[in-house]
Amino acid sequence: MLDQIHWLAAVTVLGVLEQAYFFLQVIYARRLFGISPPKISGPPEFERIFRAQVNSSEYFPIFLALLWQAGLFFHQGLAAALGLLYLCARYFYFMGYKASSSERLAPMYFSTGVLWILVAVSALGILHFFLSHYVGLNILQLLTA
């Protein structure tokens, strides 16, 4: 079984490390700008870092659920590759937002597109599972026949 999920697990660990990096960036920014918790406002430079981290952490559970569903029900390799693309896009989103709010837009749209692809392959994989196990209809056999 582990050979069927090792890439998903690796991407998950990378995602957790990325989230930790984003959290650390907020801690460093708090120290740099002298903003103690629970305050979340300050200079625009701090607020952009804080928002980039919060936005990324809000999407992280959605990303993880879709990554694992796509990997388990569709294809582990494709899901892991899409996961890496997503993590790269979120990194560029974070760094862009840190520099300027307008710099976040292209990576944000790209990462959203990757999430929609993960939604699609997850749905296709789950649909195929239900059809083949409960209806006896194997779409893959029909397509290759």
Side-chain angles (χ1 to χ4, degrees), residues 1-33 35 37-38 40 42 44-145:
M1 163 115 178
L2 291 179
D3 61 329
Q4 297 173 352
I5 61 169
H6 63 283
W7 290 114
L8 301 174
V11 172
T12 299
V13 169
L14 286 174
V16 169
L17 291 173
E18 182 177 67
Q19 289 296 307
Y21 173 75
F22 296 161
F23 289 134
L24 288 173
Q25 292 300 303
V26 172
I27 291 170
Y28 297 146
R30 283 188 180 282
R31 290 179 185 158
L32 178 66
F33 296 108
I35 300 171
I40 59 171
E45 295 83 5
F46 169 76
E47 290 182 5
R48 287 195 310 267
I49 293 169
F50 181 79
R51 285 304 320 156
Q53 181 270 316
V54 170
N55 292 349
S56 295
S57 64
E58 288 172 345
Y59 276 89
F60 194 62
I62 297 167
F63 163 69
L64 286 180
L66 292 172
L67 172 74
W68 281 86
Q69 288 174 9
L72 293 174
F73 287 98
F74 193 84
H75 190 274
Q76 177 191 202
L78 177 63
L82 289 168
L84 289 174
L85 277 175
Y86 177 81
L87 293 177
C88 286
R90 283 318 266 191
Y91 176 79
F92 287 118
Y93 167 82
F94 186 90
M95 299 312 271
Y97 208 166
K98 185 176 176 180
S100 163
S101 61
S102 63
E103 298 277 328
R104 79 191 196 289
L105 294 176
M108 180 183 70
Y109 294 139
F110 185 81
S111 65
T112 301
V114 173
L115 283 180
W116 279 110
I117 294 169
L118 283 169
V119 167
V121 296
S122 295
L124 287 172
I126 293 168
L127 178 65
H128 176 261
F129 177 82
F130 281 124
L131 289 175
S132 63
H133 281 77
Y134 296 109
V135 181
L137 179 64
N138 190 329
I139 296 173
L140 295 177
Q141 284 180 343
L142 293 174
L143 292 175
T144 58

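All values reported here derive from a predicted model rather than from experimental measurement. Every heavy atom of this structure was used, including side-chain atoms; hydrogens, water molecules and symmetry mates were not. Starting from 1, each residue takes its place in the sequence as its number.
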Heavy-atom closest pair, residues Glu103 and Pro107: O-CD, 3.6 Å
In the structure I gave you, are the side-chain heavy atoms of Phe110 and Leu85 within less than 4.5 Å of one another anywhere? yes
Please find the pair of heavy atoms, one from Ala29 and one from Ile49, that lie closest to each other, and give the distance. CB-CD1, 3.9 Å
Looking at Tyr28, I want to see if its OH is surrounded by more than 12 non-hydrogen atoms of other residues, nucleotides or ligands under 6.0 Å. no
In terms of heavy-atom contacts, Phe50 and Ile40 come closest through CZ-CG2, 3.3 Å
Pairwise distance CZ(Phe60) to OG(Ser56) - rounded to 0.5 angstrom: 10.0 Å
How many angstroms lie between CD in Gln19 and CG in Leu87, if you round to the nearest 0.5 Å? 8.5 Å
Given Arg104, Arg51, Gln53, the one that forms side-chain contact (heavy atoms from CB on, under 4.5 Å) with Phe94: Gln53
Quick check: do Val26 and Val54 have side-chain heavy atoms less than 4.5 Å from each other? no
Test your reading of the model: is there a side-chain donor-acceptor pair from Gln76 to the backbone of His6, 3.5 Å cut-off? yes
Report the residue from Leu64, Val16, Leu67 that forms a side-chain contact (heavy atoms from CB on, under 4.5 Å) with Val11. Leu67
For a quick test of reading the model, state the closest non-hydrogen atom pair linking Ala80 to Trp7 and the distance between them. CB-CB, 3.7 Å
Crowding at OH, Tyr109 (>12 non-hydrogen neighbours, <6.0 Å): no
Should we say atom CH2 of Trp68 is surrounded by more than 12 heavy atoms from elsewhere, each under 6.0 Å from it? yes
Under the rule for ring-ring contact (aromatic ring centres under 6.0 Å, His included), what residues qualify as partners of Phe129, not counting sequence neighbours? Phe73, His133
Spacing of Leu8 atom CG and Leu2 atom CG [to the nearest 0.5 Å]: 11.5 Å
Using every non-hydrogen atom in the two residues, find where Lys98 and Gln25 come nearest and quote the distance to one decimal. NZ-OE1, 3.0 Å
Tyr93 and Ser111, any side-chain heavy atoms less than 4.5 Å apart: no
What distance separates Phe22 CZ from Asn55 CG, expressed to the nearest 0.5 Å? 11.0 Å
Would you please name every residue forming a side chain to side chain contact (heavy atoms under 4.5 Å, CB included) with Arg48, sequence neighbours left out? Pro44, Glu45, Tyr97, Ser101
Note: Ser57 and Pro61 closest approach over all heavy atoms is O-CD, 3.3 Å
Quick one: side chains of residues 115-126, donor-acceptor pairs under 3.5 Å with protein atoms, not counting sequence neighbours, listed by atom name and distance.
| from | atom 1 | to | atom 2 | distance (Å) |
| --- | --- | --- | --- | --- |
| Ser122 | OG | Leu66 | O | 3.3 |
| Ser122 | OG | Ala70 | N | 3.2 |
| Ser122 | OG | Leu118 | O | 2.7 |

How many angstroms lie between atom NE2 of His128 and atom CG of Asn138, to the nearest 0.5 angstrom? 4.0 Å
Are the aromatic rings of Phe63 and Tyr59 close, with centres under 6.0 Å apart? no
